[in-house]
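To start, the structure itself, in structure tokens.
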Amino acid sequence: MTRVFERARFEEPGLGKTHQVVDVLKGMASPLVSDRDLDPLMHRIGDARYVLLGEASHGTSEFYTWRARISERLIREKGFSFIAVEGDWPDAYRLNRYVKGRPGRRSAREVLDRFARWPTWMWANREVVNLVEWIRELGEDRPEDHKVGWYGLDVYSLWSSMTAVIGYLDECDVEAAREARHAYECFAPYFEDERAYARATVLVPHGCQEEVVRVLSTLVAKAPRYARDTGREAQFDAEQNALVAKNAELYYRSMVGGGAASWNVRDGHMAETLERLMQFHGPGAKCIVWEHNTHIGDARFTDMTNRGEYNVGQLVRESHPKDDVVLVGFSTHHGTVIAGEEWDAPMERMVVPPARPGSVEDTLHRVSGEDCLVIFGEPASHPLLLEPRGHRAIGVVYRPRYERFGNYVPTVLPCRYDALLHIDESHALAPLHAERPDSRVPETYPTGM
């Protein structure tokens with residue numbers, strides 16, 4: 001079932017109908033206080049191999065804490081193989097090395113302190129430290145191929161991924177390293193400035209496309225030899241960095257055209273990376289994904305389809321049997337959050353005002369005024385829930401005073417997600433350090449999600 005929305009015409013359902021929806025949800029919602037309250041979600045997940053955990057902001061403590069609790073149970077009870085997050089591959093791979101006990105950093109905090117790309121608080125926070133240390137401790141008594149991994153799905157790390165490719169080739173194939181350096185010199189005139197490269201492709205439409213494809217092709221062709229010489233995971237890491245460079249070049253080149261292209265390149269890359277990780281971990285692999293609701297909630301049941309956008313949740317659902325995929329959304333009615341007023345601005349602890357009347361968050365607040373877990377059955381069994389409602393989405397850039405004029409994504413709730421955790425009053429997460437003055441993100445980073 002697919003439904004298309006037009007945001008310009010979207011209006012919240014009348015409050016009279018909201019009262020009816022509240023009555024329906026009261027029969028579906030259960031309290032969310034302790035780990036035991038996750039039992040219905042564990043039952044719903046069953047033998048699924050893909051569990052995608054969302055968040056309604058990148059700066060809410062409870063979203064991270066509950067995702068960690070869910071992840072711990074999935075790893076302990078159902079043998080999940082790895083966590084893949086909305087983060088850069090090179091940064092996340094350093095964390096992967098740490099959780100697997102490889103030589104290097106002495107603590108998760110030390111590793112996360114090196115996450116320098118704005119917004120640093122997304123991963124350099126106390127909530128992530130606690131989970132990462134738990135995963136490392138769990139793996140101490142496990143054989144290498146049973147240690148839980150931690151990987152980044154995102155596409156932004158053009159420069160650091162190219163550096164990683166050359167560093168790898170320097171160790172195992174000097175001639176290929178020389179050729180990669182020569183290919184990547186195509187980017188030298190832009191001085192590690194994605195925006196400068198994107199603008200330049202207006203005049204030279206193909207930019208450095210051939211060069212990044214050529215380096216990736218070399219790594220793929222020589223993969224068996226490299227895996228023998230350096231180990232499978234080191235070879236996979238290098239090949240993935242070459243793939244990031246190829247797709248990042250396309251992403252930044254597509255930004256200048258506007259529209260859905262850059263969003264789709266990014267989510268397409270994240271879905272591709274997830275499938276590569278599943279193949280790498282073998283036929284019995286199971287994955288946990290941590291991303292914003294806008295990436296893991298099925299785009300077909302929002303107004304994203306009107307803009308020609310798809311996302312990770314949709315692509316994973318379309319590629320696998322229904323029982324293999326579970327999408328879990330998050331929401332909050334009010335509280336505080338870490339975000340910035342604009343790109344590269346210092347992080348702030350901001351107030352999240354009470355949700356807009358008639359929205360998903362307002363409706364769930366009316367259910368009990370407490371935290372709750374909702375498991376959705378077959379959508380057709382609850383026709384009142386099939387009417388779209390605004391679902392709040394807070395990005396890394398947030399201006400609470402304007403949120404009633406935006407920040408709400410029209411959503412058919414039981415189709416976009418299989419389950420939802422609602423935190424009635426939420427709190428800002430605990431960042432590890434202040435923002436770095438030299439951090440940058442692309443100026444057209446889509447909607448801050």
Side-chain angles (χ1 to χ4, degrees), residues 87-94 96 117 151-257 261-280 315 442 444:
D88 291 341
W89 177 269
D91 286 339
Y93 194 75
R94 285 195 293 271
N96 177 64
R117 178 186 286 275
Y151 305 98
L153 297 176
D154 229 325
V155 75
Y156 293 127
S157 58
L158 175 61
W159 313 104
S160 55
S161 285
M162 290 191 295
T163 299
V165 169
I166 292 172
Y168 174 82
L169 292 174
D170 276 339
E171 296 295 323
C172 66
D173 191 337
V174 174
E175 178 59 24
R178 184 190 66 78
E179 293 173 357
R181 276 192 176 85
H182 178 70
Y184 289 159
E185 281 175 4
C186 179
F187 294 93
Y190 310 108
F191 302 102
E192 299 193 10
D193 185 337
E194 299 92 346
R195 292 164 289 188
Y197 177 73
R199 289 192 293 268
T201 60
V202 174
L203 299 176
V204 185
H206 296 293
C208 300
Q209 180 181 12
E210 292 183 5
E211 286 78 3
V212 290
V213 169
R214 188 163 67 246
V215 175
L216 175 60
S217 297
T218 297
L219 281 157
V220 171
K222 297 185 177 182
R225 172 191 150 190
Y226 292 161
R228 286 194 305 271
D229 293 347
T230 67
R232 286 183 66 241
E233 192 162 33
Q235 181 276 325
F236 183 88
D237 171 45
E239 185 177 311
Q240 180 62 31
N241 274 305
L243 178 68
V244 171
K246 181 195 71 89
N247 288 342
E249 185 279 332
L250 175 59
Y251 173 80
Y252 293 119
R253 182 157 43 86
S254 67
M255 287 196 314
V256 268
S262 59
W263 175 277
N264 290 344
V265 168
R266 184 184 177 210
D267 273 55
H269 170 82
M270 292 195 285
E272 179 184 6
T273 299
L274 184 62
E275 295 303 339
R276 282 173 48 80
L277 284 164
M278 289 291 276
Q279 291 172 13
F280 176 78
L315 294 172
T444 53

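- With E239 as the fixed residue, the salt bridge (charged side-chain N to carboxylate O under 4.0 Å, His left out) test singles out one of K222, R232, K246, R276: R276.
- Atom CG of residue L219 and atom OH of residue Y226 lie 6.0 Å apart, to the nearest 0.5 angstrom.
- Side chains of E272 and E275 form no contact here, defined as non-hydrogen atoms less than 4.5 Å apart.
- Separation of atoms CG (D154) and CE (M270) is listed at 5.0 Å; rounding is to 0.5 Å.
- The aromatic rings of W89 and Y151 sit parallel to each other, their planes meeting at less than 30°, with 60° as the upper class boundary.
- The shortest non-hydrogen separation linking A180 to I166 is CB-CG1, 4.3 Å.
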Could you give me the CA-CA distance, side-chain angles and deciding distance for E233 and Y93, then say whether side chain to side chain contact (heavy atoms under 4.5 Å, CB included) is met? CA-CA 10 Å; E233 192 162 33; Y93 194 75; 3.1 Å; yes

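- With rounding to the nearest 0.5 angstrom, the CZ atom of R181 is 4.0 Å from the CG atom of D170.
- In this structure the side chain of Q240 reaches within 4.5 angstrom of the side chain of L243, judged on heavy atoms.
- Across all non-hydrogen atoms, the minimal contact from V212 to A245 is CG1-O, 4.0 Å.
- To the nearest 0.5 Å, the span separating SG on C172 from CZ on R228 amounts to 12.0 Å.
- The minimum heavy-atom distance between L158 and A248, with the atom names listed, is CB-CB, 3.9 Å.
- At a threshold of 4.5 Å between non-hydrogen side-chain atoms, the residues N241 and Y168 do not count as touching.
- Put simply, CD on E211 and CD on E185 are 10.5 Å apart, with the number rounded to the nearest 0.5 Å.
- In this structure, the side chains of H269 and L250 stay at 4.5 Å or more apart for every pair of heavy atoms.
- Looking at heavy atoms from C-beta onward, D91 lies out of side-chain contact with S157 at the 4.5 angstrom threshold.
- Y156 is listed as a side-chain neighbour of Y252, based on a closest heavy-atom distance under 4.5 Å.
- The shortest non-hydrogen separation linking Y190 to A200 is CE2-CB, 3.4 Å.
- Closest non-hydrogen pair, G207 versus R253, comes out as N-CD, 4.4 Å.
- Contact of the V244 side chain with the D88 side chain is not registered, since no non-hydrogen atoms from C-beta on lie closer than 4.5 Å.
- Note: W159 CH2 to D193 CG = 7.5 Å, rounded to the nearest 0.5 Å.
- Here the side chains of Y184 and V215 are in contact, with some heavy-atom distance below 4.5 Å.
- Under the 3.5 Å distance criterion, with hydrogens and angles disregarded, a donor-acceptor pair is assigned to the side chains of Y197 and E249.
- Across V265 and S254, no two heavy atoms sit closer than the pair CG2-OG, 4.1 Å.
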